[in-house]
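Comments concern the structure below.
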Amino acid sequence: MGGGGWPFYLLTLIVLTCAYFRHSSIDSADPYKCDAALSTGRWLDPPQSARSKTPFQKWQPEGCMLRPYNAKAVSSCLATGLGRDAVVVGDSTARELFWAMARKLNATSAKAQIGKVVEKHKDIKFVEGRTTLDFIWDPFLTSTELPHYLAASKKIADDPGATPMSKDLVVVGAGLWFAKEKARPVAEFEKAMDKIVAPIQTLDKDVMDYPAKKMVYFMPVIPPFYDLLDEEHKSTLSKSDVNQMNKYMLHLPTVYGVDVLQSFLEMVADPVAEAYQPNGLHVSNTVSDRMADVVFNLRCNQVNQDYPYAGTCCYDYPQFWEQTIFLVLGTILLAGLGWIELQEWLGTSTEEAYYGIKDHLPLIRAMLVIWAGLVYCYICDRTQLFDKVQKLYNNQDFFIFIFGIAAVGVLSTRRSATPSRPGQEKSANVDQPFLSRDQTDEWKGWMQLFILAYHYTGASQVLWIYKYIRICVASYLFMTGYGHASYFYTKKDFSMKRVIAVNIRINLLSMLLPWMMHGDYLFYYFAPLVTYWYAIIYITMAVKSDWNQDLKLFLVKIGIACSCTTYLHTQPWILEPGFTMINSIFGSKWEAREWLFRCALDQFIVYVGMIVAVLYIRNTKTPAPPAPPLDSLGTTAPIQPGMSPALQKKLYFVASGAALIVYTIAAHTRNTKTSSNQLHTFISPLAILAFIHLRNCTPTLRNYYSAVYAWIGKISLETFVLQYHIWLAADTKGLLSLGIFGRGAMPDGSTWWTSGMGLSRWVDCLTMGVVFIWVSWCVADATGVVSARVMKALFD
């Protein structure tokens, strides 16, 4: 079995060994990456970099990803119905964090309430739905309420019944007013903080270290941007005093075991004016928003995060019984097969040693390859053993990918030797037919590589790239319609055997992954999408199958099917009851509107593929026209004036090129994804038909192909599905990283090879990419074996 066998098992063992080493040594002090979010991080998009036009959107802690919190996520974490919400206590720097938290709940209401504030130095209450945020103005930390909040929050970890003063989240921040108003600011600040933190230092280590049990966080003293301060503040806010206060704050975790948000200091470690408000005292809204995200990720990720798992900081992935059973059964099967393989290797095996399963060993080996691939997905994306980092689009990164993909394609170009018809021997001199197997595999391959680059670089935010990705997806569906219609038209095989075989091949991996990853089948949308359209193709071709041979009647069938699906795509109420029932039984998250939206994006291209298939088959089977008649003298009668074949080819070539230009111009007239999607549905056939004509218009173009692209095309289904967990991370929201080539290492722009993603990320990309492609190959081969064996068992 190509790609399977002992090399794959050895790779699995190496991965597990490395994962265990990482867990037991490198991350042993911070297994859930809480401290990483609490104390580390750097900006991926600082203003001095050309990586983003809107800086301070991407904050990257070491080895984990922050989840951007919205109103629904904040409310579900804090609004428990027990009167337990959040309180921020301190000075104006803490108030900025309070308003950032309020903006997470409702930005419009927060802005309106800020505009109504007359006296800034007072308590504030912000209410949104069942969630309440309180701000207590206490610049010198002398409030009588603060000790009660802290004591109640200490108790709540062990007694969820709580007290009226208990809060799900308490954040304390002060310092600048000590520097401004006190004669001995550092000493007074330390005295006030000691009085606060001493009573809560007895919190159990489990409470302090485990996600969801952290209730109280202390802000460091956020230093101002001195170049923007007015003269009064410059004279009173001493840099030395602020630094001494922060030095004390950073010792609190060691002395008292409390949590200090050191990452806030990292956010302004390289201060620039863009990170601050015009007064220089407070950070900008974008920076304070990221501070709020840090706090909510620390407090809430474990409380209310469900699939997909976008926030990996301070998170202990839940374990489910299905995963345990899958791991245990696979391990037992692996051990049994290992024993048999060992006996074969030692030459001591007997017929009895096979326990009657010798004939089934290829199937067992294939099942174990798939099992190992799923386990690898689990390790990568359902444990904290690998780092997860954020994407950030950069033109240079994307075009380096594209250049590399193009170079590989060019260097692997060769003449196709695949027989053009059954029974024909392989030969490099064979003229390939229209859309030959090598050509369609190549087509799928380069598109898949393009899609991988698109996802890895985070190019989904770039509209013009998104438009071409939509053409790639439409092209896959065109080939779906073309290939299956060709089979049904020529073979007239509408048996359940064929239907089951196709669906096992398409869906085996996409059905197993949701079980292993505790996810959702529709999340891996391409396999469900192809399955849906296969069902439409089957019904269209099978019903009144005798009509298929009559072109007019066939087109009537296509028109009826197209009308029915187009109507279905606009009527979510038809599917909603079924989706609701499935969700209630299986705990899935199927949404009829979202699913029908995906189906409608390319609702015509499948039918175009079917029509092209039938027209091509009919054309190739049409006998050649009879020879021109002889005149009375026995010579050939003159041919009527007409267009020569050579001229026809030239005109078709020009027309196809013009069609691509027209498509490009039309597509770029749309400036939003919504309007682009609306146009795409109707004009994508134009671009695809033009491409396939140009690709087949000369013998040279038709007979040469890229071997690497074709190889990738053969495993395109597996690469599309497995990329979600072993090429990307956090259910496609981030990138997978080994974390051993310099955590958080980012470019300084000094040389071309450290720009863009940074050298460490390129190393991760290449390392994880090679493993990803190899695993996909192994799983694809094993899936073919399992599918064949299942079909043999069912129908032979």
Side-chain angles (χ1 to χ4, degrees), residues 1-5 7-8 362 365-366 369-370 372-373 405-406 408-420 422 426 430 432-453 455 472-473 475-484 486-487 498 501-510 512-513 524 526-527 529-531 534 609 692 695 702-724 726-727 769-791:
M1 183 168 55
F8 186 80
R365 291 190 182 103
V369 168
I370 296 173
I405 291 170
V408 168
V410 170
L411 293 174
S412 65
T413 299
R414 62 190 63 178
R415 186 179 177 94
S416 179
T418 303
S420 60
K426 281 191 174 184
V430 173
Q432 294 298 307
F434 173 77
L435 287 180
S436 66
R437 181 59 182 267
D438 285 339
Q439 190 181 128
T440 54
D441 283 341
E442 176 204 72
W443 191 4
K444 289 187 288 186
W446 69 256
M447 289 192 303
Q448 183 58 44
L449 291 173
F450 184 37
I451 289 171
L452 292 177
H455 285 155
C472 289
V473 175
S475 298
Y476 276 111
L477 294 177
F478 171 87
M479 284 186 274
T480 298
Y482 181 88
H484 292 304
S486 298
Y487 178 86
R498 173 68 181 180
V502 170
N503 279 281
I504 289 177
R505 181 66 185 87
I506 293 173
N507 288 290
L508 181 62
L509 185 59
S510 296
L512 289 175
L513 266 175
Y524 309 96
F526 189 72
L529 188 64
V530 172
T531 303
Y534 176 77
I692 61 177
R695 184 67 178 82
R702 190 167 57 248
N703 291 318
Y704 282 82
Y705 78 108
S706 166
V708 171
Y709 289 168
W711 180 69
I712 294 294
K714 289 181 173 66
I715 60 173
S716 59
L717 176 62
E718 285 71 27
T719 53
F720 190 93
V721 175
L722 291 175
Q723 68 168 318
Y724 284 55
I726 63 175
W727 171 245
V770 169
V771 176
F772 157 60
I773 294 295
W774 192 61
V775 170
S776 299
W777 174 42
C778 295
V779 172
D781 188 73
T783 301
V785 172
V786 172
S787 178
R789 290 280 176 158
V790 170
M791 295 308 299

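As a basis for the values below, the full set of heavy atoms in this structure was taken, side chains included, without hydrogen atoms, waters or symmetry mates. For clarity, every value in this text was computed on a predicted model and none was experimentally measured.
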Point to revise | Atom pair CZ (Arg437) and OG (Ser416), whose distance is rounded to the nearest 0.5 Å | key: 11.5 Å
Exercise for review: Take His484 and Arg498 through the test side chain to side chain contact (heavy atoms under 4.5 Å, CB included) and record every step on the way to the result.
Suggested key: CA-CA 11 Å; His484 292 304; Arg498 173 68 181 180; 4.2 Å; yes
Exercise for review: Quickly, which of Asp781, Val785, Val786 forms a side-chain contact (heavy atoms from CB on, under 4.5 Å) with Ile370? Name it, please.
Suggested key: Val786
**Study point:** Flag side-chain contact, heavy atom, 4.5 Å: Ile451 against Thr719
**Key:** no
Check your understanding: With sequence neighbours left out, which residue pairs that include part of residues 706-716 fulfil the side chain to side chain donor-acceptor pair (under 3.5 Å) condition?
Key -> Ser412-Ser706, Asp441-Lys714
Practice item. Give the intermediate values and the outcome of side chain to side chain contact (heavy atoms under 4.5 Å, CB included) for residues Trp443 and Leu435. Key: CA-CA 10 Å; Trp443 191 4; Leu435 287 180; 4.1 Å; yes
Point to revise | Nearest-0.5 Å distance, CG of residue Asn507 to CG of residue Leu513 | key: 12.0 Å
Check your understanding: Which pair of non-hydrogen atoms, one from Glu442 and one from Tyr704, has the smallest distance, and what is that distance?
Key -> OE2-O, 4.5 Å
Practice item. Answer yes if the ring centres of Phe526 and Tyr476 are under 6.0 angstrom apart, and no otherwise. Key: yes
Point to revise | Tyr482 and Phe478 aromatic ring geometry - parallel, tilted or perpendicular at 30°/60° bounds | key: parallel
Review point. How many angstroms lie between atom OH of Tyr705 and atom CZ of Arg414, to the nearest 0.5 angstrom?
Key: 5.5 Å
Review point. Going through the checks in order, is the side chain to side chain contact (heavy atoms under 4.5 Å, CB included) test met by Arg505 and Leu717?
Key: CA-CA 9 Å; Arg505 181 66 185 87; Leu717 176 62; 3.9 Å; yes
Check your understanding: Would you find a donor on one side and an acceptor on the other, under 3.5 Å apart, between the side chain of Asn703 and the backbone of Gln432?
Key -> yes
**Study point:** Any residue meeting side-chain hydrogen bond (donor to acceptor under 3.5 Å, both in side chains) with Tyr524, in chain and number order, not counting sequence neighbours
**Key:** His725
Revision key, fill the gap. Separation between OG1 (Thr783) and CG (Leu512), nearest 0.5 Å, reads 8.5 Å
Practice item. Please round to the nearest 0.5 Å and tell me the distance separating atom CD of Gln448 and atom CD1 of Ile712. Key: 8.0 Å
Review point. Of the non-hydrogen atoms in Arg702 and Phe434, which two are nearest, and what is the gap between them?
Key: CD-N, 4.4 Å
Point to revise | Heavy-atom pair of closest approach, residues Ile405 and Leu449 | key: CD1-O, 3.4 Å
Point to revise | Shortest non-hydrogen contact between Met447 and Ser475, atoms and distance | key: SD-CB, 3.4 Å
Study note, to complete from the structure: Applying ring-ring contact (aromatic ring centres under 6.0 Å, His included) to Tyr487 and not counting sequence neighbours gives none
Study note, to complete from the structure: Shortest non-hydrogen pair, Arg789 vs Pro362, comes out as NH2-CG, 3.4 Å
Study note, to complete from the structure: Leu722 and Val775 have their tightest heavy-atom pair at CD1-CG1, 4.2 Å
**Study point:** Under 3.5 Å donor-acceptor, Thr531 side chain and Ala527 backbone
**Key:** yes
Review point. Just how far is it from atom CD1 of Ile715 to atom CD1 of Ile773, taken to the nearest 0.5 Å?
Key: 5.5 Å
